[in-house]
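Since we're looking at a predicted model, the values are computed, not measured.
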Amino acid sequence: MIIDSLPVPSALLRVLQQGRWVAVAPDRSSSTYREVFGDDAVAPQFLPLSRVTANRRWLDDIPEDYRGFYLGQPDRQSPPGDVDPDRSLLIGDLGPDRLFALDYRPSSAALSVIYCSTAADWIEVAPNIEMLIERLGI
């Protein structure tokens, strides 16, 4: 399956089709969210396939003044620091303004999972979707 010219990884499609791509209530899994994302979840939401979208489409709905906040800045200390809206798919969030996405910048075959932390920096939370699924226990 392709969404906005980006292939959806088969591991994500599998857990979506099996109904396993769902967030657990934060009170039952706060230590897991903190371990994986470095933050506690406020209102976690794992997007259904119908709402998985390219970051560009979502970003287009944000007022121009706020776009820099959501794009971030490159950061070699905590890579990547930023997000390429044309090379990422949003797959969920932990609460308001705390998105996580598939990052296709390395390559469509070797994509990573990144998260917009509370510091408004995009950080890598998993080197691939399979590792994220495993770490979340999905």
Side-chain angles (χ1 to χ4, degrees):
M1 167 170 265
I2 306 287
I3 296 178
D4 294 316
S5 77
L6 299 171
V8 179
S10 60
L12 180 57
L13 283 174
R14 188 171 35 260
V15 295
L16 280 160
Q17 291 166 343
Q18 294 170 347
R20 295 182 4 219
W21 186 248
V22 293
V24 177
D27 59 325
R28 291 186 27 218
S29 63
S30 61
S31 63
T32 300
Y33 289 121
R34 178 165 286 288
E35 182 180 313
V36 172
F37 295 98
D39 283 330
D40 289 321
V42 176
Q45 185 178 92
F46 291 20
L47 299 179
L49 191 56
S50 63
R51 293 195 43 222
V52 170
T53 185
N55 214 338
R56 168 65 59 207
R57 289 180 187 230
W58 176 82
L59 194 61
D60 287 343
D61 293 335
I62 301 297
E64 191 77 33
D65 297 351
Y66 294 101
R67 289 187 186 172
F69 172 83
Y70 291 105
L71 292 174
Q73 296 291 322
D75 184 347
R76 292 179 192 220
Q77 303 270 331
S78 294
D82 65 343
V83 65
D84 180 340
D86 294 319
R87 301 287 302 151
S88 59
L89 288 178
L90 295 176
I91 58 173
D93 65 64
L94 296 187
D97 304 324
R98 296 170 59 197
L99 310 164
F100 57 100
L102 299 173
D103 186 359
Y104 290 77
R105 284 181 287 190
S107 79
S108 293
L111 54 93
S112 63
V113 182
I114 58 175
Y115 166 65
C116 187
S117 70
T118 53
D121 291 323
W122 289 88
I123 57 172
E124 182 179 294
V125 294
N128 53 55
I129 189 66
E130 294 85 359
M131 180 65 72
L132 179 69
I133 290 167
E134 180 181 321
R135 291 183 69 200
L136 291 172
I138 294 176

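- Across Asp39 and Ser117, no two heavy atoms sit closer than the pair OD2-CA, 3.8 Å.
- The one candidate from Ile91, Val8, Val15 that meets the side-chain contact (heavy atoms from CB on, under 4.5 Å) condition with Ile129 is Ile91.
- Leu90 and Leu13 fall within the same hydrophobic cluster, where Ile, Leu, Val, Met, Phe, Trp and Tyr residues are linked whenever their side-chain heavy atoms come under 4.5 Å apart, directly or through other members.
- With values rounded to the nearest 0.5 angstrom, Thr32 atom OG1 is found 7.5 Å from Leu136 atom CG.
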Fill in: Worked check of side-chain contact (heavy atoms from CB on, under 4.5 Å) between Val36 and Leu132
CA-CA 8 Å; Val36 172; Leu132 179 69; 3.6 Å; yes

Item to complete: Just do the side-chain contact (heavy atoms from CB on, under 4.5 Å) check on Ile3 and Leu49 with the steps written out, would you?
Response: CA-CA 10 Å; Ile3 296 178; Leu49 191 56; 4.0 Å; yes

Worksheet item: Should Met1 and Leu16 be marked as a side-chain contact (heavy atoms from CB on, under 4.5 Å) after you check the CA-CA gap, both sets of side-chain angles, and the distance that decides it?
Response: CA-CA 12 Å; Met1 167 170 265; Leu16 280 160; over 6 Å; no

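- Neither Val42 nor Tyr115 shares a network with the other; the hydrophobic side chains, linked directly or stepwise wherever heavy atoms of I, L, V, M, F, W or Y lie under 4.5 Å apart, form separate groups for each.
- The shortest non-hydrogen separation linking Arg105 to Val83 is NH2-CA, 3.8 Å.
- Looking at Asp93 and Arg98, no side-chain N of the basic residue comes within less than 4.0 Å of a carboxylate O on the acidic one, giving no salt bridge.
- Of the candidates Ser88, Pro9, Ser112, Leu102 forms a side-chain contact (heavy atoms from CB on, under 4.5 Å) with just one, namely Pro9.
- Side chain of Arg135 to backbone of Glu35: a donor-acceptor contact under 3.5 angstrom is found.
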Fill in: Criterion side-chain contact (heavy atoms from CB on, under 4.5 Å) on Met131 and Val113, from CA distance to verdict
CA-CA 9 Å; Met131 180 65 72; Val113 182; over 6 Å; no

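- For the atom pair CD1 (Ile114) and CD1 (Ile123), the distance works out to 10.0 Å, reported to the nearest 0.5 Å.
- Rounding to the nearest 0.5 Å places CZ of Arg14 at 9.5 Å from CG of Leu12.
- In this structure, the side chain of Tyr104 does not engage the main chain of Leu89 through any donor-acceptor pair within 3.5 Å.
- Residues Cys116 and Trp122 share a closest heavy-atom pair of N-CE3, 3.5 Å.
- Using a distance-only test at 3.5 Å, with no hydrogens or angles considered, a donor-acceptor pair links the side chain of Trp21 to the main chain of Leu47.
- Between Phe100 and Phe37, the ring planes lie tilted relative to each other; the angle falls in the 30° to 60° range.
- Atom CD in Gln45 sits 10.5 Å away from atom CG in Leu94 (nearest 0.5 Å).
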